[in-house]
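All residue numbers refer to positions in the sequence shown, counting from 1. Just so it is clear, the values below take in all heavy atoms, side chains as well, and ignore hydrogens, waters and symmetry mates. Both counts, for ligands and for their atoms, begin at 1 and track the order of listing. Computed from a predicted model, the values in this text were never measured in an experiment.
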Amino acid sequence: MIYVNGEYFEKENAKISVFDHGFLYGDGIFEGIRVYNNLVFRLNDHLLRLYESAKTIALEIPISIEEMERAIIETVRLNKLPSCYIRLVVSRGYGDMGVDPRKCSKATVVIIVTQINIYPPELYETGLAVAIASTRRMRDDMLSPRIKSLNYLSNVMTKIEMNRQGLADGIMLNAAGYVTEASVANVFIVKKGELITPPKSVGLLEGITRNTIIELARDAGISVKEELFTQFDLYNADECFLTGTASEVIPVVSIDGRILGENKAGPLSRRLLEMFRSRTIWDGTKII
Ligand code: PMP
C-alpha cells in the first residue's frame, strides 16, 4: 500500500499528475529510511532533515512532523514488512507549466514502502572497487547538496560512469578538488587509527548513517575529524568506507586501481559495521 496525500492505494493505482512540479522541474525533496525488524532507524533525524530541506527550498509540507511520523508508521504497518525501506517524497505539487511555485497550491506527499536493495553480504568482507568520478559535486554555496532534493543528476551521472567501468560506485570531488561523497553514500577514511570524513561545508548530504558512525566512534574513544581531504589522501588511506541507509558501512578496497591496506575490509571498518548493526537492533521507532 502506498500513501498519496493522506490516502492509501495499491501499487498499480498510486499515481500523481504529470503536471506535478516534482516531475516537471525536479522541484521537491525526499528521504530514504530503513526499518529493521519493526524498528524505524533514526526516524526523527530523517524527519528533521526532510523538514530542513523543505524550509530551505521554501516548500510548505501540508502536514506536521508528528502527522508525518504517524503516516509513515501506518504505511509500514499496512505493508507487513518487518524489515524494509521507506521512500518519502514531497514535491511542490500540481500546477500549470512554468517554474513559479505559486502555481502549485499544495505539496504532494508520497510514502512508498518496499523491500530494500542491498549489496551482497560478501562485499562487506571483500570491499568495493571505486573510482573518482568526473562529475563534480556542487559547492554548498551553489545549490546545497545538503538539500535532499529530487535533482539527483550528478549522482546519476556518477553511477553511469561507474557502470561503464564495471565499478560499484564513484567518489565525487567538488570544484576545488576536495573529496565530497559517493553517489548515494558518505565517505570516511582511516589514517593512523584516526577517522576522517569531509565537513558538511564541502558540499555533501549530511547522512544519518554518517552522523551515527561519528557518534559511535567518539563513544568508543576513536578520534574523528571532519576535515577537508583530497584524492591523494584517499589513495594513501589505511582504510576507506562508505556509509548510507542502504549500504550501512561498506569497505572500499581500491580507488582508481590503488589498493588500500590488505585489499579487504580493514579492522576499523569491520568494527564500525558491527557497532552500527548492533545499534539498529534496538535504536528505532517501534511499528505497532
Ligand atoms: N549522500 C547522498 C547523496 C545520498 O543520497 C545518501 C543517501 N541518503 C547519503 C549520502 C547517505 O545518507 P544516509 O546515511 O542518510 O542514508
Side-chain angles (χ1 to χ4, degrees), residues 26 28-36 40-54 56 72 83-90 111-112 114 116-119 128 130 132-133 135-140 142-162 168-174 178-189 195 197-217 224 226 240-252 269 272-273 275-277 279-280 283-285:
I29 53 174
F30 75 102
E31 272 302 318
I33 310 168
R34 194 146 167 194
V35 183
Y36 292 91
V40 190
F41 189 66
R42 301 251 153 151
L43 179 55
N44 279 346
D45 293 346
H46 284 283
L47 288 172
L48 283 177
R49 187 169 71 183
L50 181 84
Y51 280 75
E52 285 190 358
S53 286
T56 311
I72 290 169
S83 295
C84 57
Y85 179 83
I86 306 164
R87 170 57 55 89
L88 174 56
V89 185
V90 185
I111 305 169
I112 302 168
T114 72
I116 176 131
N117 274 329
I118 42 178
Y119 285 123
L128 305 178
V130 306
I132 306 285
T135 299
R136 297 293 177 114
R137 197 78 172 115
M138 208 92 85
R139 261 182 7 211
D140 202 66
M142 293 160 79
L143 178 62
S144 177
R146 290 179 68 186
I147 306 164
K148 197 165 170 58
S149 82
L150 295 182
N151 294 264
Y152 253 50
L153 276 178
S154 43
N155 319 62
V156 173
M157 296 293 278
T158 295
K159 202 67 198 166
I160 291 170
E161 187 182 357
M162 297 308 137
D169 204 349
I171 293 177
M172 291 178 278
L173 308 177
N174 69 7
Y178 291 111
V179 170
T180 66
E181 59 183 339
S183 64
V184 287
N186 293 109
V187 185
F188 285 78
I189 55 172
L195 212 49
T197 196
K200 296 177 281 228
S201 55
V202 79
L204 51 77
L205 182 79
E206 189 183 353
I208 310 295
T209 321
R210 168 192 187 272
N211 289 352
T212 308
I213 290 301
I214 293 175
E215 244 177 77
L216 288 171
V224 187
E226 290 179 65
C240 174
F241 58 83
L242 307 181
T243 65
T245 293
S247 51
E248 301 177 313
V249 179
I250 186 136
V252 168
S269 312
L272 288 164
L273 173 61
M275 284 160 70
F276 179 80
R277 287 192 171 151
R279 180 54 76 112
T280 61
D283 186 1
T285 307

(request) Would you check if Leu204 and Arg137 make a side-chain contact, meaning some heavy-atom pair closer than 4.5 Å? (result)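 Heavy-atom side-chain distance check fails, nothing below 4.5 Å.
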(message) If you define the side chain from C-beta out and look only at heavy atoms, does anything of Asp140 sit under 4.5 Å from Arg146?
(response) yes
(request) List in chain and number order the residues that pass ring pair (Phe, Tyr, Trp, His ring centres under 6.0 Å) with Phe30, two or more places apart in sequence or in another chain; answer none if no residue qualifies. (result)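 Once residues adjacent in sequence are excluded, the partners of Phe30 under the ring pair (Phe, Tyr, Trp, His ring centres under 6.0 Å) criterion are Tyr152.
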(request) For Phe276, check ring pair (Phe, Tyr, Trp, His ring centres under 6.0 Å) against everything at least two apart and list the hits. (result) Phe41
(message) Under a 3.5 Å threshold, yes or no: a donor from one side chain and an acceptor from the other, between Ser183 and Asp169?
(response) yes
Exercise answer, ligand 1 polar atom pairs (N/O) under 3.5 angstrom:
{"from": "ligand 1", "atom 1": "1 (N)", "to": "Glu181", "atom 2": "OE1", "distance (Å)": "2.6"}
{"from": "ligand 1", "atom 1": "5 (O)", "to": "Lys148", "atom 2": "NZ", "distance (Å)": "3.2"}
{"from": "ligand 1", "atom 1": "5 (O)", "to": "Tyr152", "atom 2": "OH", "distance (Å)": "2.5"}
{"from": "ligand 1", "atom 1": "8 (N)", "to": "Lys148", "atom 2": "NZ", "distance (Å)": "2.8"}
{"from": "ligand 1", "atom 1": "14 (O)", "to": "Ile208", "atom 2": "N", "distance (Å)": "3.3"}
{"from": "ligand 1", "atom 1": "14 (O)", "to": "Thr209", "atom 2": "N", "distance (Å)": "2.9"}
{"from": "ligand 1", "atom 1": "14 (O)", "to": "Thr209", "atom 2": "OG1", "distance (Å)": "2.5"}
{"from": "ligand 1", "atom 1": "15 (O)", "to": "Arg49", "atom 2": "NH1", "distance (Å)": "2.9"}
{"from": "ligand 1", "atom 1": "15 (O)", "to": "Arg49", "atom 2": "NH2", "distance (Å)": "3.1"}
{"from": "ligand 1", "atom 1": "15 (O)", "to": "Ile208", "atom 2": "N", "distance (Å)": "2.8"}
{"from": "ligand 1", "atom 1": "16 (O)", "to": "Thr245", "atom 2": "N", "distance (Å)": "2.9"}
{"from": "ligand 1", "atom 1": "16 (O)", "to": "Thr245", "atom 2": "OG1", "distance (Å)": "2.5"}

(request) Sequence neighbours left out, what passes salt bridge (Lys or Arg N to Asp or Glu O under 4.0 Å) with Glu31? Give chain and number order. (result)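 Result, salt bridge (Lys or Arg N to Asp or Glu O under 4.0 Å) vs Glu31: Arg49.
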